[in-house]
Amino acid sequence: MRLVILCFWIWAASGAAAVAGSDMEALLEFGRGIRQDPSRRQAAPWNPTSSSDSDGCPVDWHGVQCNGGQILSIAFDGIGLVGNASLSALARMTMLQNLSLSGNKLEGVLPRALGSLASLQHLDLSNNRFIGSIPAELTKLSNLGHLNLSSNGFGGALPVGFRSLRKLKYLDLRGNGFVGKLDDIFAQLQSPVHVDFSCNQFSGSLASISDNSSVATTLQYLNVSHNVLSGPVFASDPTPLFDSLEVFDTSYNALTGNVPSFNFMISLKVLLLQNNKFSGSIPEALFRETSMVLTQLDLSCNQLTVQLGV
Ligand SMILES: *[C@@H]1O[C@H](CO)[C@@H](O)[C@H](O)[C@H]1NC(C)=O
Ligand SMILES: *[C@@H]1O[C@H](CO)[C@@H](O)[C@H](O)[C@H]1NC(C)=O
Ligand SMILES: *[C@@H]1O[C@H](CO)[C@@H](O)[C@H](O)[C@H]1NC(C)=O
Ligand SMILES: *[C@@H]1O[C@H](CO)[C@@H](O)[C@H](O)[C@H]1NC(C)=O
Ligand SMILES: *[C@@H]1O[C@H](CO)[C@@H](O)[C@H](O)[C@H]1NC(C)=O
């Protein structure tokens with residue numbers, strides 16, 4: 001009996017070691033695309049000789065967190081890495097929860113294999129040189145809460161199926177070349193808190209966010225400035241209830257129609273509508289202190305009429 005238990009234990013241990021090895025091999029494969037690592041803080045991952053600590057990670061792997069030899073988190077932010085980022089190598093890390101590579105000079109695309117990172121909660125590739133579009137497989141990441149692709153060369157339309165990203169709270173796509181109708185995208189978002197779509201080529205209008213009560217109740221920050229949006233800012237009926245919205249920036253678009261009173265946004269602090277094609281008079285309610293907690297308001301460069309002394 002004792003012998004049987006012992007054999008089982010040995011089998012289990014060698015199984016774990018094989019898994020750990022594959023995560024390390026994946027990181028080494030990723031490292032082969034890195035041409036410059038000026039701080040040399042990441043020297044260890046690219047060189048497998050260092051000894052392991054209690055988590056099963058080599059001791060001098062900065063920015064890498066392991067558990068039982070499997071990689072849980074990679075944070076190589078702003079350390080001057082230059083090279084080709086092979087995300088398909090990293091996509092084999094089944095336990096990976098956090099992948100953060102922001103502020104480097106990494107090139108690459110989002111491979112379809114990323115969809116197999118079932119544990120991923122936080123993906124930040126901001127401020128790099130990534131290109132291409134978002135593959136539909138990304139919408140399989142049902143644990144994803146934070147997606148930051150800002151300041152890269154991404155483009156194309158967002159995949160249909162964003163609806164399945166039920167936990168997505170922070171979505172930052174600022175400063176890319178994304179296209180598509182915002183109406184369709186907002187109809188798919190579940191309960192976002194922070195959405196930054198600024199400096200892209202998004203078209204359409206914002207009408208569907210006012211239709212969608214689940215988006216309207218959770219959203220705190222919405223920035224759609226510097227796009228090519230047109231039409232009225234909201235559908236007038238029914239009046240949307242943006243209870244949590246604090247920042248609303250839709251400047252530098254081609255929105256038309258009247259400026260709504262915004263008195264239904266009870267938490268609104270920053271309202272930026274400049275450089276659009278709004279017309280008509282400025283709603284008096286915008287200046288009534290009791291209705292809002294506004295600290296910043298910009299309506300400049302529109303076609304608005306000011307009625308002084310009324
Ligand atoms: C992921 O890494 C980033 C960058 O180091 C950090 O700010 C964030 O808190 C981490 N998130 C998780 C879920 O570990
Ligand atoms: C990056 O990797 C891709 C695919 O492996 C390859 O086609 C490309 O030439 C590489 N680019 C550079 C600059 O090394
Ligand atoms: C996305 O990344 C940029 C640059 O790294 C940062 O300034 C921004 O705050 C991030 N967005 C979110 C929603 O965390
Ligand atoms: C609003 O979002 C929900 C998901 O929360 C979706 O099922 C519904 O179709 C959306 N409604 C509209 C009018 O787009
Ligand atoms: C909205 O985005 C633009 C461009 O990325 C930025 O300059 C602006 O400060 C943002 N607005 C707010 C209120 O954060």
Side-chain angles (χ1 to χ4, degrees), residues 63 73-82 85 87 97-108 110 120-130 134 138 141 143-155 158 162 165 167-179 182 185-186 189-203 206 209 215 218-229 233 242 244-255 259 262 265 267-276 286 292-301:
S73 168
I74 297 176
F76 294 163
D77 303 278
I79 53 169
L81 298 180
V82 178
L87 299 182
Q97 293 171 10
N98 192 356
L99 176 57
S100 198
L101 302 173
S102 71
N104 290 290
K105 289 177 178 161
L106 296 171
E107 296 150 27
L110 295 178
L120 200 64
Q121 296 167 12
H122 185 107
L123 177 60
D124 186 349
L125 303 177
S126 62
N127 246 315
N128 277 289
R129 296 171 174 173
F130 287 95
I134 299 181
L138 193 110
L141 302 179
N143 286 307
L144 197 64
H146 184 115
L147 177 62
N148 195 341
L149 302 178
S150 64
S151 304
N152 278 286
F154 289 113
L158 306 192
F162 250 73
L165 297 175
K167 294 188 181 159
L168 193 61
K169 302 276 181 229
Y170 295 84
L171 177 57
D172 193 342
L173 304 180
R174 161 161 54 136
N176 284 285
F178 288 113
V179 298
L182 275 195
I185 298 162
F186 276 107
L189 292 177
Q190 299 288 323
S191 47
V193 169
H194 181 111
V195 173
D196 193 340
F197 286 160
S198 63
C199 301
N200 279 283
Q201 296 292 320
F202 287 114
S203 57
L206 291 169
I209 41 176
V215 171
T218 56
L219 207 53
Q220 291 172 13
Y221 179 98
L222 177 62
N223 194 339
V224 293
S225 68
H226 299 271
N227 280 285
V228 289
L229 302 177
V233 65
F242 290 86
S244 316
L245 197 64
E246 292 176 8
V247 176
F248 183 76
D249 187 347
T250 180
S251 58
Y252 298 89
N253 280 287
L255 296 170
V259 172
F262 287 97
M265 294 188 180
S267 311
L268 198 62
K269 294 185 180 125
V270 176
L271 176 59
L272 305 179
L273 304 175
Q274 73 270 25
N275 291 271
N276 278 285
L286 273 179
M292 273 187 285
V293 285
L294 264 192
T295 57
Q296 205 187 339
L297 170 67
D298 195 337
L299 298 168
S300 62
C301 299

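Computed from heavy atoms alone, side chains included, the values below leave out hydrogens, waters and symmetry copies. One-based numbering, in listed order, for ligands and for the atoms of each.
Close contacts of ligand 3 with H194, meaning ligand atoms under 4.0 Å from a residue heavy atom, involve 13 (C). Against a heavy-atom cut-off of under 4.0 Å, C199 is close to the following atoms of ligand 5: 4 (C), 5 (O). Counting the atoms of ligand 3 from 1 in the order shown, those under 4.0 Å from a heavy atom of H146 are 14 (O).
A donor and an acceptor atom, one from each side chain of N98 and S100, are nowhere located under 3.5 Å apart. Y170 and D172 form no side-chain donor-acceptor contact under 3.5 Å, judged by distance and modelled atom types alone. Side chains of D77 and S102: a donor-acceptor N/O pair is present below 3.5 angstrom, by distance only.
The two residues L106 and V82 make their nearest non-hydrogen contact at CD2-C, 4.4 Å.
Remark: minimum distance from atom 4 (C) of ligand 3 to any protein heavy atom is reached at S126 OG, 3.5 Å. Among all non-hydrogen protein atoms, the one lying nearest atom 13 (C) of ligand 5 is V247 CG1, 3.5 Å. Y221 OH, 2.7 Å is the protein heavy atom nearest to atom 14 (O) of ligand 5. Among protein heavy atoms, the minimum distance from atom 9 (O) of ligand 3 is reached at D172 OD2, 4.6 Å.
The shortest N or O to N or O distance between N127 and ligand 3 is not under 3.5 Å. Checking only distances, D196 never comes within under 3.5 Å of ligand 5, N or O to N or O.
Note that atom 7 (O) of ligand 5 has no protein non-hydrogen atoms nearby, at separations under 4.0 angstrom.
Atom NZ of K269 has 12 or fewer neighbouring heavy atoms from other residues, nucleotides or ligands inside a 6.0 Å radius.
Ring centers of F262 and F248: under 6.0 Å apart, within the cut-off.
When side chains are defined from C-beta on, L165 does not count as touching L171, because their heavy atoms never get closer than 4.5 Å.
With L147 as reference, L168 is the one residue of L168, L120, L125 to meet the side-chain contact (heavy atoms from CB on, under 4.5 Å) rule.
Nearest to atom 12 (C) of ligand 3 by heavy atom, out of N148, L149, N223, is N148.
Residue contacts with ligand 3 include S150, since one of its heavy atoms falls under 4.0 Å from the ligand.
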